[in-house]
Enquirer: 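The structure under discussion is supplied below as structure tokens; questions concerning it will follow.
Values below: every heavy atom of this structure, side chains too, minus hydrogens, waters and symmetry copies.
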Amino acid sequence: MGSLLPYQSKCRRILCLSAKRRETIKYGELAAALGLKSPRQQWSSVLDPLSESEVKKTGADLTLIVAFASAPAKSLSRYFSNVRGGAAPGTTMLNPLDEKQVAAFKQELERVFDTYAKVNY
């Protein structure tokens, strides 16, 4: 699996449209929308740079809307990024069993939806 960086612009547009609809998108759905045959990709190669650039532009991490399709983290993002706090994207794993972390993630996800409801893409 190679870098997905060439897909960054298309990926951003897909994520913006999904966020505008207040919907998460599963990795498999994102792969299909990008024309990729498998959901198993090197997602960090496109999502980490996208996370950093979107936080700089909007203050919200657009990549939080990319979610797992199955348990134990169903409907949750793989990472609970803290790029606003200075940490690199993808450094803080989201623990689906940590109720406080899940609640904070859901609150941040709502903020992402609110932010991207009015962002032009």
Enquirer: Show me the pairs that pass ring-ring contact (aromatic ring centres under 6.0 Å, His included) and involve residues 45-65, at least two apart or across chains.
Expert: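 For residues 45-65: none.
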
Enquirer: Under a 4.5 Å cut-off applied to non-hydrogen side-chain atoms, are Leu47 and Cys11 in contact?
Expert: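 In short, these two side chains touch, coming nearer than 4.5 Å.
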
Enquirer: Enter the distance from Glu29:CD to Glu23:CD here, rounded to the nearest 0.5 Å.
Expert: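 If I round to the nearest 0.5 Å, the distance is 8.5 Å.
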
Enquirer: Is any side-chain heavy atom of Leu30 closer than 4.5 Å to one of Leu15?
Expert: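 When only atoms from C-beta onward are counted, Leu30 and Leu15 do touch, with a gap below 4.5 Å.
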
Enquirer: Rounded to the nearest 0.5 Å, how far apart are CD1 of Ile65 and CG of Leu17?
Expert: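 Result: 9.0 Å between the selected atoms.
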
Enquirer: Just verifying a value: how many Å separate Lys10 NZ and Gln8 CD, rounded to the nearest 0.5 Å?
Expert: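 Rounded to the nearest 0.5 Å, the NZ-CD separation comes out at 14.5 Å.
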
Enquirer: Look up atom OH in Tyr116 and atom CG in Leu62, then write down how far apart they are to the nearest 0.5 Å.
Expert: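 Atom-to-atom, Tyr116:OH and Leu62:CG are 4.5 Å apart.
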
Enquirer: Between Glu54 and Thr63, is there a side-chain heavy-atom distance shorter than 4.5 Å?
Expert: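 The answer is no; the side chains never approach within 4.5 Å.
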
Enquirer: Which atom pair, heavy atoms only, marks the closest approach of Leu34 to Tyr7?
Expert: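 So the minimum-distance heavy-atom pair works out to O-CE2, 3.5 Å.
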
Enquirer: So, does Arg111 use its side chain to make a donor-acceptor pair with the main chain of Gly59 at under 3.5 Å?
Expert: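 The answer is yes, because a donor-acceptor pair under 3.5 Å joins these two groups.
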
Enquirer: Is it true that a side-chain atom of Lys20 and a backbone atom of Ala117 form a donor plus acceptor pair closer than 3.5 Å?
Expert: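 Side chain of Lys20 to backbone of Ala117: a pair is present.
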
Enquirer: Are any side-chain N or O atoms of Ser53 and backbone N or O atoms of Leu50, one a donor and one an acceptor, separated by less than 3.5 Å?
Expert: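 Yes; judged by distance alone, with no hydrogens or angles, the pair exists.
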
